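So that the names make sense, note that chain A is the first sequence line, chain B the second, and so on, each numbered from 1. Basis for what follows: all heavy atoms, side chains included, without hydrogens, waters or symmetry-related copies. Since we're looking at a predicted model, the values are computed, not measured.
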Protein chains: 2
Amino acid sequence: MDAYLQAGLDALGDATRMAIFQKLTHGPVAVNELARKMPVSRPAVSQHLRVLKDAGLVTDSKVGTRRYYKLNPEGVARLRAHFDQVWEKALGAFQIEAEKPPAGESRVRPTRRSRRS
Amino acid sequence: MDAYLQAGLDALGDATRMAIFQKLTHGPVAVNELARKMPVSRPAVSQHLRVLKDAGLVTDSKVGTRRYYKLNPEGVARLRAHFDQVWEKALGAFQIEAEKPPAGESRVRPTRRSRRS
DNA sequence: ACTTACCGTTAGTTGACGCTTACCATTCGT
DNA sequence: ACGAATGGTAAGCGTCAACTAACGGTAAGT
C-alpha cells in the first residue's frame, strides 16, 4: 500500500502534530516559539517535528542557534494528491454501487426470501 | 478545533481501518466477509467499523442476520472538504510566506550581530 | 573563556488502543 | 422449538507511542 499515504496519515493522525502542522501554516517558526504556544514540552515538539519531517511534510533550516521549521509544499502537495485519490475512489465507486445489486464477491447466498408470497 | 477533522483523521489514521475503508470502496460488505479478507479477527473489525461509523464515514444496515457496511458519501465528502481546507491553507500560505521576511510574532530579538568588529 | 540560549537525543514511564477470547443477542432455516 | 449463523460487546492483555526529565552539543554575546 502507499507508504507515503500511510506515513503522512499517521503523521497528521496525532492531534498534537496536526496542531503543529496548522501553526506552521502561518510561516516558518522556531522550535522554542512553537513549543511556547503548545501545551507540551519542547522535546515533545522536537519529536513531533521529526515525524513530520520524516513524512516529508516539513523542512528545517538553522539560522544561528535556532532551527526554523516550515511546511514542505512538495510533500504536502503529494500527500494531498494521495488523499484526493482516496476520496475519488471512495465517492466515485459510490455512484456505481448505487446501480449494482448488492456487492462484489459475496453472492449473499440468494436468500429465497424474495420468492415469498 | 474541528472535531470532525480530528475524528476522521484518526479514524483513517489506523492502517487496519484505512484498509477496511478501502475495501468498502468496492461496495457494501458484511462484517464476516470483511473479516475473512483481513488479518484480524471479526471482533476487531467490528470495533474498527464502530470507529468509522462514529466518525460518520460509514453507515450500516442489517439484512437478515448480516449487517452490511458501506461508505457514507456525505461523511466522506465532508471530511474531504475539511482536508481541502487544510491543504489550501497550507499551500496558499506558503506562497505568501515566500515574500514575507521570517515569521509572525517572534521579532527574533534583533541580534545586533551585525554590529560586531 | 565563560555564560546564555536553543535544540536534538536518550532513558524511562505511563496512558491509550488494537487485538483476542469469551459471552450474549438476534435472526434465519428446519 | 431448536440449532446454526451473524455480529455486537466486555474483559483482559500486550504493545506502542507520546510525554517528561536529564544530558550533551552548538552557536551567539559579553
Side-chain angles (χ1 to χ4, degrees), chain A residues 6-7 9-21 28-55 58-70 102-103 106-116, chain B residues 6-7 9-21 24 28-55 58-70 102-103 106-117:
Chain A
Q6 198 54 48
L9 212 103
D10 86 25
L12 267 53
D14 179 73
T16 303
R17 272 192 300 264
M18 188 50 160
I20 292 179
F21 185 88
V29 188
V31 178
N32 208 359
E33 179 181 355
L34 205 49
R36 247 178 293 147
K37 296 179 179 175
M38 308 242 351
V40 297
S41 72
R42 182 190 54 76
V45 173
S46 262
Q47 292 167 356
H48 285 307
L49 286 170
R50 181 173 181 59
V51 175
L52 289 172
K53 183 179 174 183
D54 287 346
V58 304
T59 58
D60 59 329
S61 61
K62 58 184 309 184
V63 171
T65 93
R66 302 202 236 247
R67 183 167 288 262
Y68 286 92
Y69 281 84
K70 69 184 187 73
S106 172
R107 283 309 316 281
V108 116
R109 189 187 312 154
T111 63
R112 80 194 58 169
R113 185 155 52 84
S114 55
R115 204 93 142 51
R116 240 169 113 276
Chain B
Q6 198 55 50
L9 212 102
D10 84 27
L12 268 52
D14 179 73
T16 304
R17 273 194 296 268
M18 186 52 159
I20 292 179
F21 184 88
L24 290 184
V29 187
V31 178
N32 211 354
E33 178 182 356
L34 204 48
R36 247 177 295 146
K37 296 180 180 175
M38 309 245 345
V40 297
S41 72
R42 182 189 53 76
V45 173
S46 262
Q47 292 166 356
H48 285 306
L49 286 170
R50 182 174 180 62
V51 174
L52 289 172
K53 183 180 174 184
D54 287 346
V58 304
T59 58
D60 59 329
S61 62
K62 58 184 309 185
V63 172
T65 93
R66 302 200 235 243
R67 182 166 288 260
Y68 286 91
Y69 280 85
K70 68 182 186 74
S106 171
R107 281 310 316 284
V108 120
R109 190 186 314 152
T111 65
R112 79 192 60 172
R113 185 157 50 87
S114 52
R115 201 101 139 48
R116 218 161 137 289
S117 93

Colleague: Give the rounded distance in Å between these two atoms: CG of B:Asp60 and C1' of D:dG8.
Modeller: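 In whole Å, D:dG8 C1' lies 11 Å from B:Asp60 CG.
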Colleague: Can you check the A:Asn32 CG to C:dT4 C1' distance for me, whole Å?
Modeller: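 Distance, rounded to whole Å: 13 Å.
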Colleague: Sequence neighbours excluded, which residues qualify as salt bridge (charged side-chain N to carboxylate O under 4.0 Å, His left out) partners of A:Arg17?
Modeller: none
Colleague: Heavy atoms within less than 4.0 Å of DNA chain C: which residues of residues 47-54 of chain A have one? Give them sorted by number.
Modeller: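 Residues of residues 47-54 of chain A that come under 4.0 Å of DNA chain C are, in numerical order, A:Gln47, A:Arg50.
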Colleague: If you look at every strand shown and take non-hydrogen atoms under 4.0 Å, does A:Ala30 touch a base, only sugar-phosphate, or nothing?
Modeller: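 It contacts sugar-phosphate atoms only.
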Colleague: Both B:Arg42 and A:Val40 contact DNA chain D. Taking the nearest nucleotide for each, which residue is further toward the 5' end?
Modeller: B:Arg42
Colleague: Report the distance from atom CD1 of A:Ile20 to atom C1' of D:dC19, rounded to the nearest whole Å.
Modeller: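 In whole Å, D:dC19 C1' lies 12 Å from A:Ile20 CD1.
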Colleague: When the distance from CG of B:Leu12 to C1' of C:dG18 is rounded to whole Å, what number comes out?
Modeller: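 Checked: the CG to C1' distance equals 16 Å.
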Colleague: Just to verify, what does B:Asp60 make a salt bridge (charged side-chain N to carboxylate O under 4.0 Å, His left out) with, not counting sequence neighbours?
Modeller: B:Lys53, B:Arg67
Colleague: Rounded to whole angstrom units, what separation is found between the CG atom of A:Asp14 and the P atom of D:dA18?
Modeller: 5 Å
Colleague: I need the CG-C1' distance between A:Asp10 and D:dC16, as an integer number of Å.
Modeller: 12 Å
Colleague: Can you find a side chain N or O atom of B:Tyr69 that sits less than 4.0 Å from OP1 or OP2 on D:dT6?
Modeller: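 No, because none of the side-chain N or O atoms of B:Tyr69 sits under 4.0 Å from OP1 or OP2 of D:dT6.
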